[in-house]
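In what follows, a structure is listed as structure tokens, so that the remarks can point back to it.
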2 protein chains.
Amino acid sequence: MPRSSYRLPKIPEMTIRRLSVYTRCLLQLEEDGVETISSQELAERFGLNSAQVRKDLAYFGEFGVRGIGYYVTKLKAELQRILGLDREWPVALVGLGNLGAALFHYKGFSRQGFRIAVVFDDDPAKIGRDVDGVPIFGTADLAREARAREIQIAILAVPSEAAQGVTDALLAAGIKTILNFAPTRLRVPKDARLKNVDLSIELETLSFYLAQTPR
Amino acid sequence: MPRSSYRLPKIPEMTIRRLSVYTRCLLQLEEDGVETISSQELAERFGLNSAQVRKDLAYFGEFGVRGIGYYVTKLKAELQRILGLDREWPVALVGLGNLGAALFHYKGFSRQGFRIAVVFDDDPAKIGRDVDGVPIFGTADLAREARAREIQIAILAVPSEAAQGVTDALLAAGIKTILNFAPTRLRVPKDARLKNVDLSIELETLSFYLAQTPR
DNA sequence: TAGATTGTTAATCGATTAACAATC
DNA sequence: TAGATTGTTAATCGATTAACAATC
């Protein structure tokens, strides 16, 4: 069977993560007025190999100019398009406790085209209010309000006990892309795309290295 | 040159991360009263290969019983020792905004032996107060108060602008293991161990897959 | 043109997995 | 003992890096 023109060759996840890092670097370079950059220069900023940078890009096309390198503005635009960061994604934030509030105000999201369009929280003191103009609803209204805003991405920042219930509600509302901050294993169907952010695993690996080093 | 008995063979970082995951699973299994588990059963819970589980463990010793598997309580204790989770690590939390407060209350840390022993924040409204009995100091007192508590690990949850200054203060106080949540690149000496937690990169990779899928 | 840097192939490296003797 | 499962070696796979012809 010939490969559909929609389908790319299998892209390593690490490549996607690096593209995301390159993009941020290019945004900075553009601000600084830098016009071109070579794969060598770009690689050095992250301790990577220049061939790796070129190979990461080669999965998606030819963006450079031999003898010159890459035009910063052009490459930035290409990568934003590839990563889907050239448009606005309305996002639902579920849970407005400390973590939810921190994520709400997190600069990195909005800078890359993610816009928190609605907040869900079951605290009666919060329902019906808004944060910076973004309305807060109870999860009972999740499907209706998420659909009204054509939301495809949710950020989950609720207590572990509530996480599965909210997830089921999100799936029922047709939201299949979930970034989960609750430290719990969620059951989702195969076609859903769930990414768990584990806040404590990094600390545990740090303690390993600390424990290895006799003081 | 014979390998020093202190030095382990080079351990892949992914192995350390998986050990951390196994440990949490074993804690749960122990709570559930499960006495033994095979590499096969353990692997299935995370979609891994049983040989990988055995190999991860083999870096550190022989913990299983042929024909039986692993005794849950024994393996848990071994892994906790390896990861340095068998003791209490006093931790400094720097920055008590929304994110800092969320991390302060995060259950995962304390469950694994990390105890936030002191908080630093330069908000005059917070200095001199405490959270759940943990004192809050200004960063001017960082070196003195961190040393008094023999702190070796810091969690950084301050705004990006403040992150480098705080980092320098931490290093000056002899704290060389830092978990950084500020979305900024920190300069640290070679012997420091810095781990950056990037809250937005996961969202960006999710948007890549979403952008690939024509609706 | 000469120098620089890309895009790509081939070589290398390291991590994952299969297979199986050892042994509970 | 027979069955099960480990610890470990060998095979496989995939990602990284080196090398270089193509070309600006």
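By convention in this document, chain letters (A, B, ...) are assigned in the order of the sequence lines, proteins followed by strands, and residues within each chain are numbered from 1.
- Contact check on B/Arg45 versus B/Glu41 returns no salt bridge, with no Lys/Arg side-chain nitrogen under 4.0 Å from an Asp/Glu carboxylate oxygen.
- Checking C/dG7, D/dT8, D/dT16 against the side-chain heavy atoms of A/Glu62 singles out C/dG7 as nearest.
- Both A/Met14 and B/Ile68 sit near DNA chain D, but only B/Ile68 has its closest nucleotide nearer the 5' end.
- Under the 4.0 Å criterion applied to side-chain N and carboxylate O atoms, A/Asp56 and A/Arg18 are assigned as salt-bridge partners.
- From one end of the helix from C/dG3-D/dC24 to C/dC24-D/dG3 to the other, with five pairs defining each end axis, the axis direction shifts by 10° (rounded to 10°).
- In this structure, B/Lys10 atom NZ and C/dA15 atom P are separated by 7 Å, rounded to whole Å.
- When the C1' atom of D/dA15 is taken as reference, atom CD1 of A/Ile11 falls 13 Å away, rounded to whole Å.
- Rounded to a whole Å, the CG atom of A/Asp56 is 11 Å from the P atom of D/dT17.
- Annotation: side chain of A/Thr205 is not in contact with side chain of B/Leu83 (no heavy-atom distance under 4.5 Å).
- Rounded to whole Å, atom C1' of D/dA15 lies 8 Å from atom CD of A/Gln52.
- Rounded to whole Å, the distance from NZ on B/Lys74 to P on D/dT6 is 13 Å.
- Mapped onto DNA chain D by nearest heavy atom, A/Gly67 and A/Arg18 fall at different nucleotides, with A/Arg18 at the one closer to the 5' end.
- Between B/Asp198 and A/Arg24 there is a salt bridge, since at least one side-chain N of the basic residue sits less than 4.0 Å from a carboxylate O of the acidic one.
- Across the protein-nucleic acid pair, A/Leu42 atom CG and C/dG7 atom C1' stand 16 Å apart, rounded to whole Å.
- A/Phe46 and A/Tyr22 have tilted rings, their planes meeting at an angle from 30° to 60° on a 0 to 90° scale.
- Whole-Å rounding puts the A/Phe63 CZ to C/dT5 P distance at 20 Å.
- At the heavy-atom level, A/Ser39 lies under 4.0 Å from the strands shown only through sugar-phosphate atoms.
- Counting to the nearest Å, the C1' atom of D/dA4 and the CD atom of B/Gln40 are 12 Å from each other.
- For the atom pair CD (A/Glu30) and OG1 (A/Thr73), the distance works out to 4.0 Å, reported to the nearest 0.5 Å.
- Considering only the side chain of A/Ala58, C/dT8 comes nearest among D/dT6, D/dT8, C/dT8.
- For the atom pair CZ (A/Arg115) and CH2 (A/Trp89), the distance works out to 13.0 Å, reported to the nearest 0.5 Å.
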Between the protein and nucleotides 18-21 of chain C, list every N/O to N/O distance that falls short of 3.5 Å.
| residue | atom | partner | partner atom | Å |
| --- | --- | --- | --- | --- |
| C/dA18 | OP2 | B/Asn49 | ND2 | 2.9 |
| C/dA19 | N6 | B/Arg54 | NH2 | 3.1 |

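- At a threshold of 4.0 Å, the pair B/Arg17-A/Glu202 counts as salt-bridged, since one of the basic side-chain nitrogens sits closer than that to a carboxylate oxygen.
- Between B/Tyr70 and the phosphate of D/dG7, there is a side-chain N or O to OP1/OP2 separation shorter than 4.0 Å.
- Between A/Lys195 and A/Glu13, at least one side-chain N (NZ, or NE/NH1/NH2) sits under 4.0 Å from a carboxylate O, which counts as a salt bridge.
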